Protein chains: 2
Amino acid sequence: MAVACRFPSYQAVLVKIKGSLAGEEQPETTSLKEASIEYFVSFVQIFGLPKSVGQIYGLLFVSVRPLAMDEIVEHLGISKGSSSQGLTLLKGLGAVASEQIPGDRREHFKADINVSRIVTHFFDNQLQPRLDNGESRLKEILRLAQELEQEEGGTENAGVVTRIKALQKWQKRGMNIIPMVIRWLKR
Amino acid sequence: MAVACRFPSYQAVLVKIKGSLAGEEQPETTSLKEASIEYFVSFVQIFGLPKSVGQIYGLLFVSVRPLAMDEIVEHLGISKGSSSQGLTLLKGLGAVASEQIPGDRREHFKADINVSRIVTHFFDNQLQPRLDNGESRLKEILRLAQELEQEEGGTENAGVVTRIKALQKWQKRGMNIIPMVIRWLKR
DNA sequence: TGATTTGTTCATTTTTATTTGAACAAACCG
DNA sequence: CGGTTTGTTCAAATAAAAATGAACAAATCA
């Protein structure tokens, strides 16, 4: 499974236009459950997460009591496999917690709205490692560029080297801003 | 085309393991061009952008002079269509600029490393509108929950209403942090 | 212990996104 | 003008991601 921040796809706009011309009807009234699911589906899609993950969270978010997996499957009409994978992911993010209900063997899930924890988890586990990896790769790129500059003895590559060094500064800046944002969220 | 922040996909890990067992060989030496392309491909994929966009930017980033579209097509072995669409996207992000070279009719492209402008553009055009939309949707969700609470007269939904209000606070926080980050990047 | 319930895994299917390339338009050239 | 170069668009092909569901394992029960 994968997390990202998304733009609408190349041809998505065209599809939308065609859809509205074809006269797609939207339901006039929306229930709380439907509204919540829709909201979280589009939210998780910003981060490139599967729709099913948003559906599950949206359902749990407006549920008055924790739900068992088979209840989620039934409410959403998704497969057991998707539920299991989606819940595993959401637990991993710290976005849902599970508890036992006396006299019921099933695991029961509820939405956790500790956004600060979720974001921190995302930054630490997803963003930070990528930035760390990027740092060492940039070093290698700089090395290659400087090598070329020497070999050729020319000034042609000087601009490239400067550009790489500028990017390194931005890389560092990016890494510095993460703990700042986390601190601000926890405040 | 669509932008997001990505996790690796559900089955991606398995594929990796299979690959290493099959003994995929990596080239021992990497050129500057290759290293730069790889770097930016994985970078843009964090944001859910197509690989071709990263390839194009990576190539332009280490090019000593601006390149015409047919040169990009030739270097990368991608189609004219992908180049055109990718360059349009990158121009839209403010990540590449184009210029005319005297005596040559073709448009020439070069990488722009004004990261602050790119990030600002992303926040303003992608993130902010989504958050604005989210705000009004949350209001509707709250209304529906309060309606239910009244109808049933019960206290069952009280927890849900509280949860929605908590989420609204986080929504506001999210919207506040954007200008802060932008200001910090511009500093 | 054997039957039943609960939950996970992963090959296959389905859905969605990206790339291609041919058709087209627009600008330039002689 | 007609021919050529440059660049865009979009239907179709390809590639990638997500969902399904059957097979399996593990826990509980009677």
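Labels below follow one simple rule: chain letters A, B, ... track the order of the sequence lines, proteins then strands, and each chain is numbered from 1. Because the structure is predicted, anything quoted here is derived from the model rather than measured.
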A/Lys80 vs A/Gln55, nearer the 5' end of DNA chain D by closest nucleotide: A/Gln55
Phosphate oxygens OP1/OP2 of C/dG21: is one of them under 4.0 Å from a side-chain N or O of B/Ser79? no
Would you please confirm or rule out a distance under 4.0 Å between OP1 or OP2 of C/dT20 and any side-chain N or O of B/Ser82? yes
Less than 3.5 Å apart, which donor and acceptor atoms pair up between the side chains of residues 88-98 of chain B and the rest of the protein, not counting sequence neighbours?
unit_1  : atom_1 : unit_2   : atom_2 : d
B/Thr88 : OG1    : B/Ser84  : O      : 2.8
B/Lys91 : NZ     : B/Glu107 : OE2    : 3.1
B/Ser98 : OG     : B/Glu107 : OE2    : 2.8

Gap between atoms [atom1] and [atom2], on [X] and [N] respectively (whole Å):
X        : N      : atom1 : atom2 : value
B/Lys51  : C/dT20 : NZ    : P     : 9 Å
A/Ile56  : D/dA19 : CD1   : C1'   : 11 Å
A/Leu90  : C/dT8  : CG    : P     : 13 Å
B/Leu49  : D/dA16 : CG    : P     : 16 Å
A/Leu87  : C/dT8  : CG    : P     : 8 Å
A/Gln45  : C/dT15 : CD    : P     : 16 Å
B/Gln100 : C/dA27 : CD    : C1'   : 11 Å
B/Leu89  : C/dT19 : CG    : C1'   : 15 Å

Let's go through A/Ser42 and B/Arg137 carefully: what are the C-alpha distance in whole Å and the side-chain angles of both, what is the deciding distance for side-chain hydrogen bond (donor to acceptor under 3.5 Å, both in side chains) to 0.1 Å, and is it a yes or a no? CA-CA 11 Å; A/Ser42 63; B/Arg137 296 223 263 166; 2.4 Å; yes
The salt bridge (Lys or Arg N to Asp or Glu O under 4.0 Å) partners of A/Lys165 (sequence neighbours excluded) come to none
Would you please classify the geometry between the A/Phe43 ring and the A/Phe40 ring as parallel, tilted or perpendicular, with 30° and 60° separating the classes? perpendicular
Test: side-chain hydrogen bond (donor to acceptor under 3.5 Å, both in side chains). Region: residues 59-78 of chain A. Which pairs qualify, not counting sequence neighbours? A/Arg65-A/Glu71, A/Asp70-A/Arg106
When you compare the protein's N or O atoms with those of nucleotides 27-30 of chain D, which come within less than 3.5 Å of each other, and at what distance?
unit_1 : atom_1 : unit_2   : atom_2 : d
D/dT28 : O4'    : A/Arg105 : NE     : 3.4

Are [X] and [Y] side-chain neighbours, meaning at least one heavy-atom pair lies under 4.5 Å?
X        : Y        : result
A/Ile78  : A/Ser83  : yes
B/Leu144 : B/Glu147 : yes
A/Ile37  : A/Phe61  : no

Side chain of [X] only, please: which of [options] is the nearest?
X        : options               : value
A/Gln85  : C/dG7, C/dT9, C/dT19  : C/dT9
B/Arg106 : D/dT9, D/dT6, C/dT9   : D/dT6
A/Ile78  : C/dT8, D/dA19, D/dT20 : D/dT20

Would you please name every residue forming a side chain to side chain donor-acceptor pair (under 3.5 Å) with B/Glu140, sequence neighbours left out? B/Arg143
So if I take residues 61-75 of chain A and measure heavy-atom distances to DNA chain D, which residues fall below 4.0 Å? none
